[in-house]
*Asks:* 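After the structure tokens below, expect a handful of questions from me.
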There are 2 protein chains.
Amino acid sequence: MQVAQLAGVSLKTASRALGGEPHIRPATRDQVLAAARELGYRRNTAASLLARGHHSDSFGLITGDLTNPFYSALAQGLEDEIRTEGLHLTVANSRESPELERSVAQSLADWQTKAVVVASAMPDHSSYAALQEHGIPVVFVDRAAQQIEADSVVFDNAGGGETAARHLLAGGHRRIAFIGDYTWLPTYQERLAGMAGAMDAAGIEGWRRWVRAGAHDVPSARAATAELLDGDDPPTAFFAGNNRAALGVIEELVGRSVDGGAPAVVGFDDFEGARALGVTVIANDPQEMGRRAGRLALDRLADRDLPVQTVTLPTTLVTRGSGERPPPRD
Amino acid sequence: MQVAQLAGVSLKTASRALGGEPHIRPATRDQVLAAARELGYRRNTAASLLARGHHSDSFGLITGDLTNPFYSALAQGLEDEIRTEGLHLTVANSRESPELERSVAQSLADWQTKAVVVASAMPDHSSYAALQEHGIPVVFVDRAAQQIEADSVVFDNAGGGETAARHLLAGGHRRIAFIGDYTWLPTYQERLAGMAGAMDAAGIEGWRRWVRAGAHDVPSARAATAELLDGDDPPTAFFAGNNRAALGVIEELVGRSVDGGAPAVVGFDDFEGARALGVTVIANDPQEMGRRAGRLALDRLADRDLPVQTVTLPTTLVTRGSGERPPPRD
DNA sequence: ATGCCGCATGACAGCGTTGTCATCGCGTGA
DNA sequence: TCACGCGATGACAACGCTGTCATGCGGCAT
């Protein structure tokens with residue numbers, strides 16, 4: 001190593017100085033550091049990791065689309081959390097495709113990330129067991145682990161769904177639509193289940209005729225909204241199952257004036273612009289979700305035998321007007 | 001290597017099979033791959049990189065805040081681009097702080113990323129020369145390289161600023177405010193300069209009294225907007241210098257009814273919800289920015305001696321109503 | 001004054017993989 | 001049939017760093 005030569009010390013001593021190890025005289029350390037600075041030395045990660053028997057210094061995050069602010073907030077929270085331990089975050093995109101997710105996960109595994117955090121697009125997560133067997137903690141976010149023993153961080157989807165429906169019911173609505181994401185998503189199922197609890201408890205019948213799914217992006221949510229509004233028996237309120245769906249519903253409503261006043265809208269997930277748009281939402285904190293996931297993974301890295309945990313984060317009703325619009329008088 | 005043993009071949013042959021190298025009989029390869037699968041073998045990245053003399057398999061991206069959809073879209077575009085070459089993306093957050101940016105860049109350099117893409121919070125980028133000297137391409141995005149020879153990808157900020165101002169002027173506005181980001185940002189300066197060109201050409205005098213800066217987030221933009229509206233001589237139109245500023249202006253306007261009609265608003269950067277809110281914007285494509293930056297870095301990786309390029313991406317005026325509101329009659 | 005202890009330092013091996021070069025065997029053309 | 005060539009395979013070193021262990025030195029207690 002050139003640095004050691006310039007500093008006039010042995011390789012090992014230089015390594016000690018650069019690595020911040022003890023058992024080195026301050027004067028010697030400074031000498032080495034000065035030499036390193038002068039030569040513009042950068043330690044070779046690969047060699048360092050190899051020698052220490054480690055594999056990687058970064059966590060992998062797999063999401064469906066970083067463009068969705070929900071995921072990017074999650075990524076930010078995760079990054080914040082692991083940076084405290086000097087770790088990096090590598091992001092990968094599954095585009096909500098199970099095949100792509102598998103390949104991306106494989107790739108992260110090949111490159112031996114220290115841990116993987118995933119918002120999975122798969123119904124069955126047993127294939128992640130391979131990673132676990134290699135000592136790579138896997139934490140499932142937003143969508144809980146299925147068919148596998150693994151940590152998860154999720155929102156109280158059922159509770160949020162119930163709160164949303166109750167809120168609309170309390171406002172006098174009876175014809176309440178649900179514009180949900182893909183049906184295979186646990187988040188879809190749980191939010192709908194929560195709504196079902198409230199609707200059934202209120203004695204509403206036949207409400208499922210206003211349930212629509214597949215609203216994973218704005219256009220599809222708009223389309224579903226339009227279809228319902230143009231139907232025989234239009235709903236007086238909408239419960240949008242995610243941030244994209246809420247935007248889609250709102251966009252569609254903005255474009256038309258509905259006889260007897262605009263339908264009420266409650267969205268799941270808070271989103272930028274919801275305040276300006278006056279959209280009532282079931283708010284959650286994806287950034288916190290990222291932080292918690294990071295923490296779980298770090299803890300498991302420190303002690304593999306920790307019991308498996310599922311952390312459920314709360315949701316809060318934030319009223320901003322759209323959810324408080326009354327139904328039109330018949 | 002266990003795999004080699006199980007497959008009954010030499011270490012090198014196993015390496016060839018796993019690495020997809022030529023000069024290996026298909027039958028032998030399959031045998032090795034089968035053995036690898038059985039043992040759940042994963043190649044050790046660190047060792048592989050070390051042996052090949054490479055350093056890393058990922059690009060680093062430094063932004064101010066992944067939570068800002070502008071940056072996350074950029075990140076997504078960059079990831080899409082480099083994944084085609086089997087590379088990963090590591091994200092890091094500078095929180096728009098030069099000190100943090102320096103430390104984060106240092107850390108990426110220590111861990112030897114293949115290339116760095118940065119939306120820098122620094123006025124002077126000469127410290128990035130150290131990375132370049134180590135053969136790490138550095139590409140500046142959104143904010144062009146300063147005091148350093150490096151590739152950049154930026155938007156046509158001056159053009160966009162001019163277009164925005166012209167649009168409002170054409171609508172009959174004379175008292176036009178600019179709610180800009182931090183003054184030290186080149187994007188601030190260029191957008192304002194573009195506006196200045198249009199204002200001066202139109203013979204408007206004293207318009208700079210409606211220029212405000214520091215609107216890097218929604219609350220500060222709201223505050224600036226409120227201050228202007230509550231002043232003696234409120235503007236009849238706002239040009240918001242970034243997506244957060246636009247949201248702040250809109251939020252503030254939503255909360256009040258201004259005598260003689262709401263002020264017009266044009267924002268810079270398109271944003272989710274702009275359509276629903278009916279906000280006229282100077283739209284740009286951060287995802288494309290990410291892709292182009294990735295391409296520049298990849299190209300430079302292939303040939304260090306490529307001439308330094310600055311790619312300027314276009315902006316487009318998208319009218320949605322807020323920018324077309326006329327000024328109140330005096 | 002002597003011996004012991006602990007800290008600073010250095011020599012050396014080894015981390016898991018791939019590049020280099022040598023070897024081997026088989027097929028081809030004369 | 002023999003020489004030649006080329007593809008398949010293997011032995012071995014090297015990548016740059018850190019862990020282990022040995023060595024040397026000075027201070028402290030007796």
Side-chain angles (χ1 to χ4, degrees), chain A residues 1-37 39-58 86 107-114 134-136, chain B residues 1-37 39-58 86 106-114 133-136:
Chain A
M1 194 202 274
Q2 286 199 53
V3 174
Q5 270 190 310
L6 207 174
V9 299
S10 79
L11 217 79
K12 181 58 200 177
T13 300
S15 168
R16 268 193 269 260
L18 271 347
E21 291 174 52
H23 301 305
I24 180 167
R25 232 178 352 151
T28 315
R29 151 173 306 141
D30 294 343
Q31 222 169 323
V32 173
L33 294 181
R37 209 169 314 116
L39 294 173
Y41 169 82
R42 306 247 176 263
R43 132 216 277 140
N44 179 322
T45 326
S48 171
L49 288 173
L50 180 58
R52 284 181 303 179
H54 290 184
H55 293 304
S56 152
D57 64 308
S58 60
S107 155
L108 286 176
D110 281 352
W111 295 105
Q112 316 234 33
T113 51
K114 255 194 146 56
H134 282 272
I136 305 178
Chain B
M1 193 203 276
Q2 287 199 50
V3 174
Q5 271 189 311
L6 207 174
V9 298
S10 79
L11 218 77
K12 181 57 200 177
T13 300
S15 168
R16 268 192 270 259
L18 271 347
E21 292 174 51
H23 301 305
I24 181 167
R25 231 176 355 149
T28 315
R29 150 172 307 139
D30 294 343
Q31 223 169 319
V32 174
L33 293 181
R37 210 170 312 119
L39 293 173
Y41 168 82
R42 305 245 176 264
R43 130 219 275 145
N44 179 320
T45 325
S48 171
L49 288 173
L50 179 57
R52 284 182 303 177
H54 290 183
H55 294 303
S56 151
D57 64 309
S58 61
Q106 178 68 44
S107 154
L108 286 176
D110 280 352
W111 295 107
Q112 316 237 31
T113 51
K114 255 192 147 54
E133 280 158 21
H134 282 271
I136 304 178

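Numbers restart at 1 for each chain; the letters A, B, ... are given by sequence-line order, proteins then strands. Note that the structure is a prediction, hence the values are computed from the model and not measured.
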*Asks:* Phosphate oxygens OP1/OP2 of C:dT9: is one of them under 4.0 Å from a side-chain N or O of A:T13?
*Replies:* no
*Asks:* Any idea which heavy atoms bring A:S56 and A:T113 closest together, and the distance?
*Replies:* OG-CA, 3.6 Å
*Asks:* Measure the distance from CG on B:L11 to C1' on C:dG19 and round it to the nearest whole Å.
*Replies:* 13 Å
*Asks:* Donor-acceptor check, side chain of B:H134 to backbone of A:G40, threshold 3.5 angstrom: yes or no?
*Replies:* yes
*Asks:* Could you tell me the separation between the CG atom of A:L49 and the P atom of D:dC17, rounded to a whole number of Å?
*Replies:* 12 Å
*Asks:* Send over the distance from B:I24 CD1 to D:dC6 C1', rounded to a whole Å.
*Replies:* 17 Å
*Asks:* In terms of the nearest nucleotide of DNA chain C, which residue is placed more toward the 5' end: A:R16 or B:K12?
*Replies:* A:R16
*Asks:* Looking at every strand, decide which applies to B:S48 at a 4.0 Å heavy-atom threshold: base, sugar-phosphate, or nothing.
*Replies:* sugar-phosphate
*Asks:* Of the nucleotides C:dT17, D:dG19, D:dC17, which has the atom closest to the A:R52 side chain?
*Replies:* D:dG19
*Asks:* Counting the atoms with a prime plus P, OP1 and OP2 as sugar-phosphate, which does A:L18 contact under 4.0 Å by heavy atoms, base, sugar-phosphate, or nothing?
*Replies:* nothing
*Asks:* Taking the nucleotide of DNA chain D with the nearest heavy atom to each, does B:A51 or B:P26 sit closer to the 5' end?
*Replies:* B:P26
*Asks:* Does OP1 or OP2 of D:dT9 have a side-chain N or O of B:R25 closer than 4.0 Å?
*Replies:* yes
*Asks:* What is the distance, rounded to the nearest whole Å, between atom CZ of A:R43 and atom C1' of D:dT18?
*Replies:* 10 Å
*Asks:* Does A:N44 form a side chain to side chain contact (heavy atoms under 4.5 Å, CB included) with B:L49? I'd like the steps, not just the answer.
*Replies:* CA-CA 10 Å; A:N44 179 322; B:L49 288 173; over 6 Å; no
*Asks:* What's the CG-C1' distance between A:D57 and D:dC17, to the nearest Å?
*Replies:* 15 Å
*Asks:* Is a donor on one side and an acceptor on the other found under 3.5 Å between the side chain of B:R29 and the backbone of B:E21?
*Replies:* yes
*Asks:* Rounded to whole Å, please give me the gap between CD in B:E21 and P in D:dG10.
*Replies:* 14 Å
*Asks:* For DNA chain D, whose closest nucleotide is more 5', that of B:L50 or that of B:A14?
*Replies:* B:A14
*Asks:* On the nucleotide D:dT9, are OP1 or OP2 found under 4.0 Å from the side-chain N or O atoms that B:T28 carries?
*Replies:* yes
*Asks:* Return the value, rounded to whole Å, for the distance between atom NE2 of A:H54 and atom C1' of D:dC17.
*Replies:* 13 Å
*Asks:* Compute whether any side-chain donor of one residue and acceptor of the other, for A:S10 and A:T13, lie under 3.5 angstrom apart.
*Replies:* yes
*Asks:* CD of B:Q5 versus P of D:dT9: gap in Å, rounded?
*Replies:* 18 Å
*Asks:* At less than 4.0 Å, is any side-chain N or O atom of A:H23 found next to OP1 or OP2 of C:dA8? Yes or no.
*Replies:* yes
*Asks:* B:V9 has a side chain; which of D:dG10, D:dT9, D:dC17 sits nearest to it?
*Replies:* D:dG10
*Asks:* Indicate whether OP1 or OP2 belonging to D:dG16 is found under 4.0 Å from a side-chain N or O atom of A:Y41.
*Replies:* no
